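Bear in mind that the values here come from a model prediction, so they are computed numbers and not experimental data. Note that ligands are numbered from 1 as they come in the structure, with each ligand's atoms numbered from 1 the same way.
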Amino acid sequence: MKGLIIYSSKTGNTKRMAEKIYEVLKDKQQMTIKDIRDAPEVEQFDFILLGAWIDRGTLETKTLKFLKTIKNKKLGLFATLGAMPDSEHGRKVIKNLQDLLKDRDSLGQYICPGLVDPKMIEKLKGITGLVVPKKIKEKMIETSLKSRKATEEELLKAANYFAENIKRLAN
Ligand SMILES: Cc1cc2nc3c(=O)[nH]c(=O)nc-3n(C[C@H](O)[C@H](O)[C@H](O)COP(=O)(O)O)c2cc1C
């Protein structure tokens, strides 16, 4: 089958995840990988794996918009985020991705940790009062400071998850 991996990445975490998925799948399927900024054409592909960094609990805006343009394709979603995947926030994010795949031919969803850019943390610290409530801001800073890059093993797990789901689909 012909598959297309599309990713949206600002600081490299999601790009790394996309590349690992590509590396694992390319021996089994005919794969192409594209940055979302290159406005990829999806028509000729049998399945799409769409990935993004998490912004306010869901896929960042550009990717959400792109998702709406994908019609009648087998589709999987992947993402990286500052919170740990098994945290309460991580579980919420998974639920949001599941909801985005409702009524679609789903290849599943997978999230990995991603280091939050230190510049972003500095910006967060600078936000005052009314924009973000104090408690939420403190929680976001705490989570961001604890964030880390995904391990090779975690990325490999993500890639194998999609490899399995695609295999199941082919049978
Ligand atoms: C504006 C902004 C909003 C974010 N919102 C969240 C969020 O809601 N939850 C979370 O866990 N991480 C959040 N993050 C952290 C990123 O999703 C995370 O660091 C991700 O791995 C970045 O991916 P990239 O390196 O591919 O750009 C946010 C980061 C930014 C810059």
Side-chain angles (χ1 to χ4, degrees), residues 3-26 31-40 42 48-68 70 75-101 107-162:
L4 174 63
I5 297 169
I6 304 167
Y7 63 87
S8 168
S9 183
K10 271 206 333 195
T11 58
N13 292 293
T14 316
K15 181 171 190 237
R16 206 176 138 229
M17 186 174 182
E19 284 171 349
K20 177 58 82 180
I21 298 170
Y22 174 76
E23 197 186 305
V24 169
L25 290 187
K26 76 176 192 320
M31 296 302 297
T32 303
I33 180 167
K34 294 262 182 197
D35 190 317
I36 198 164
R37 286 176 299 192
D38 299 333
V42 301
I48 313 289
L49 297 178
L50 180 63
W53 55 279
I54 292 298
D55 180 4
R56 288 160 291 166
T58 190
L59 301 176
E60 61 82 24
T61 314
K62 197 171 178 184
T63 307
L64 276 181
K65 274 194 195 143
F66 192 87
L67 174 64
K68 288 194 184 133
I70 304 175
L75 178 70
L77 297 176
F78 63 95
T80 66
L81 74 169
M84 284 304 119
D86 62 356
S87 66
E88 196 187 335
H89 182 65
R91 283 191 290 274
K92 261 188 216 157
V93 170
I94 282 280
K95 170 81 174 54
N96 290 340
L97 299 191
Q98 280 167 343
D99 287 346
L100 288 172
L101 286 167
L107 290 171
Q109 64 291 309
Y110 206 99
I111 58 174
C112 279
L115 183 70
V116 179
D117 186 355
K119 278 189 230 136
M120 152 80 184
I121 304 178
E122 284 312 305
K123 244 195 220 167
L124 252 178
K125 285 181 182 165
I127 297 173
T128 49
L130 296 172
V131 192
V132 184
K134 193 163 174 259
K135 267 206 158 160
I136 294 181
K137 180 179 141 178
E138 279 167 4
K139 179 84 188 141
M140 281 164 77
I141 292 172
E142 191 196 324
T143 303
S144 299
L145 286 171
K146 277 200 256 168
S147 70
R148 62 164 175 83
K149 278 180 163 181
T151 63
E152 277 298 304
E153 197 185 353
E154 284 166 334
L155 297 178
L156 190 61
K157 257 188 160 176
N160 286 334
Y161 167 85
F162 287 115

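The shortest separation from a heavy atom of L115 to ligand 1 is under 4.0 Å, placing the residue in contact.
Between F162 and F78, the ring planes are perpendicular. Angles over 60° get that label, and only those under 30° would be called parallel.
A distance of 11.0 Å separates CD1 of I33 from CG of D38, quoted to the nearest 0.5 Å. A distance of 12.0 Å separates CD of E154 from NZ of K20, quoted to the nearest 0.5 Å. For the atom pair M17 CE and I5 CD1, the distance stands at 10.5 Å (nearest 0.5 Å).
Set against the non-hydrogen atoms of V116, the atoms of ligand 1 under 4.0 Å away are 15 (C), 19 (O). Atoms of ligand 1 lying under 4.0 Å from any heavy atom of R56, numbered from 1 in the order shown and given with element: 5 (N), 6 (C), 7 (C), 8 (O). Atom numbering of ligand 1 starts at 1 in the shown order; those under 4.0 Å from a heavy atom of K10 are 24 (P), 26 (O), 27 (O). Set against the non-hydrogen atoms of N13, the atoms of ligand 1 under 4.0 Å away are 21 (O), 22 (C), 23 (O), 24 (P), 25 (O), 26 (O). Those atoms of ligand 1 with a heavy atom of T11 less than 4.0 angstrom away are 24 (P), 25 (O), 27 (O). Close contacts between ligand 1 and T14 involve ligand atoms 23 (O), 24 (P), 26 (O) [criterion: under 4.0 Å to a heavy atom].
Closest to atom 6 (C) of ligand 1 among all protein heavy atoms lies I54 O, 3.2 Å. For atom 31 (C) of ligand 1, the nearest protein heavy atom (residue, atom name, distance) is M120 SD, 3.4 Å. A83 N, 3.0 Å is the protein heavy atom nearest to atom 11 (O) of ligand 1. At the top of the distance list for atom 3 (C) of ligand 1, counting protein heavy atoms only, stands D55 OD1, 3.3 Å. Among all protein heavy atoms, the one lying closest to atom 21 (O) of ligand 1 is T80 OG1, 2.7 Å. The closest protein non-hydrogen atom to atom 23 (O) of ligand 1 is W53 CB, 3.1 Å. The closest protein non-hydrogen atom to atom 9 (N) of ligand 1 is H89 NE2, 2.8 Å.
A salt bridge between E60 and K65 is absent, with no side-chain N of the basic residue lying under 4.0 Å from a carboxylate O of the acidic one. A salt bridge is absent between K119 and E122: the closest approach of a Lys/Arg side-chain nitrogen to an acidic carboxylate oxygen does not fall below 4.0 angstrom. For the pair K146 and E142, the salt-bridge criterion is met [side-chain N within less than 4.0 Å of a carboxylate O]. Salt bridge status for R16 with E152: present, with a side-chain N to carboxylate O gap under 4.0 Å.
With atom 8 (O) of ligand 1 as the reference point, the heavy atom nearest to it among G57, G51, G82, A79 is part of G57.
In this structure, the side chains of P85 and Y110 stay at 4.5 Å or more apart for every pair of heavy atoms.
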Criterion side chain to side chain contact (heavy atoms under 4.5 Å, CB included) on S8 and T14, from CA distance to verdict: CA-CA 7 Å; S8 168; T14 316; over 6 Å; no
